[in-house]
Amino acid sequence: MIELTGENVKQAIVQQLLKTFPNVKVYKEAITNPQYPHFFVYQISFVDTEERKSYHLMSYEMDVRYRIKSDPSTDLKLEQNLDDMGMKLLQNFNIIAFGNEKIRIKEKNTEKVDGVLHFTFNVDILGKEIPDEESVKQNKLKVVIYGKEVQDKG
């Protein structure tokens, strides 16, 4: 059982980024003086749909921003560097882990805007709600997550 929040999803994405790109700094929150290059993990939206009794399909739209330098105009090969990282993300960033469950990411896309690469994708998680009085009070959802095989069937 896991308490599923946007923060947990961000943390799973951070872990996968660090595993795939160990030499790049990863941030989950805005920072005044970031190190370069870096990724910034941002949640765009969240939709929770009750599929069946106590089953929820939670869909997170995420944006991982990649930035090489504080002033993009100082990098002569910026476009090529962003294109290269975009291809690496599209090829290598396919699954994130929540404990023992693996969740496939969907609808991957890259876009360059003002010297920043935006890697957007969806994380769809099917889970069975585990009612708990404290969670209800705090407006949190505790679920048992079902991995890719169950998601593909339903």
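Hydrogens, waters and symmetry mates are skipped; everything else that's a heavy atom, side chains included, is used. Given the structure is predicted, the values throughout are model-derived calculations rather than measurements.
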Distance-only donor-acceptor check, side chains Ser59 and Asp124, under 3.5 Å: yes
Audit row: His118, Val113, side chain to side chain contact (heavy atoms under 4.5 Å, CB included) steps and yes/no: CA-CA 7 Å; His118 293 263; Val113 179; 4.0 Å; yes
Gln11 CD to Gln16 CD distance, which is reported to the nearest 0.5 Å: 12.5 Å
Heavy-atom side-chain proximity of Ile13 to Val64 below 4.5 angstrom: yes
Interatomic spacing from CG in Leu117 to CG in Asn81 - rounded to 0.5 Å: 11.0 Å
Heavy-atom pair with the smallest gap, counting every atom of Leu18 and Val24: CD2-O, 4.0 Å
Arg65 charged N/C atom sitting above Tyr42 aromatic ring, 6.0 Å / 45°: yes
Note, Ile103 side chain near Ile105 side chain (heavy atom, < 4.5 Å): no
Spacing of CE belonging to Met87 relative to OG1 belonging to Thr110, to within rounding of 0.5 Å: 8.0 Å
Criterion side chain to side chain contact (heavy atoms under 4.5 Å, CB included) on Ile44 and Met62, from CA distance to verdict: CA-CA 5 Å; Ile44 298 171; Met62 304 300 294; over 6 Å; no
Closest contact, heavy atoms only, Ala97 versus Ala12: O-CB, 3.5 Å
Heavy-atom donor-acceptor pair, Tyr66 side chain to Leu89 backbone, under 3.5 Å: no
Basic-acidic side-chain contact under 4.0 Å: Asp83, Lys112: yes
Single hit among Phe21, Phe40, Phe93 for ring pair (Phe, Tyr, Trp, His ring centres under 6.0 Å) with Phe119: Phe93
Sub-6.0 Å ring centroid separation between Tyr27 and Phe39: no
Spacing of CD1 belonging to Ile96 relative to NZ belonging to Lys10, to within rounding of 0.5 Å: 13.0 Å
Nearest heavy-atom neighbours spanning Val14 and Lys28: CG2-CG, 3.5 Å
Modelled atom types, side-chain donor and acceptor of Glu107 and Asn122, under 3.5 Å: yes
Contact check, side chains of Leu57 and Ile125, non-hydrogen atoms, under 4.5 Å: no
Non-hydrogen atoms of Gly115 and Arg67 that approach each other most closely: O-CG, 4.5 Å
Distance (rounded to the nearest 0.5 Å) between Asn33 CG and Gln35 CD: 10.0 Å
Considering all heavy atoms, the nearest Leu90-Lys108 contact: O-NZ, 2.7 Å
Check: Tyr60 ring centroid to Phe46 ring centroid under 6.0 Å: yes
Spacing of CG belonging to Asn109 relative to CG belonging to Asp63, to within rounding of 0.5 Å: 10.0 Å
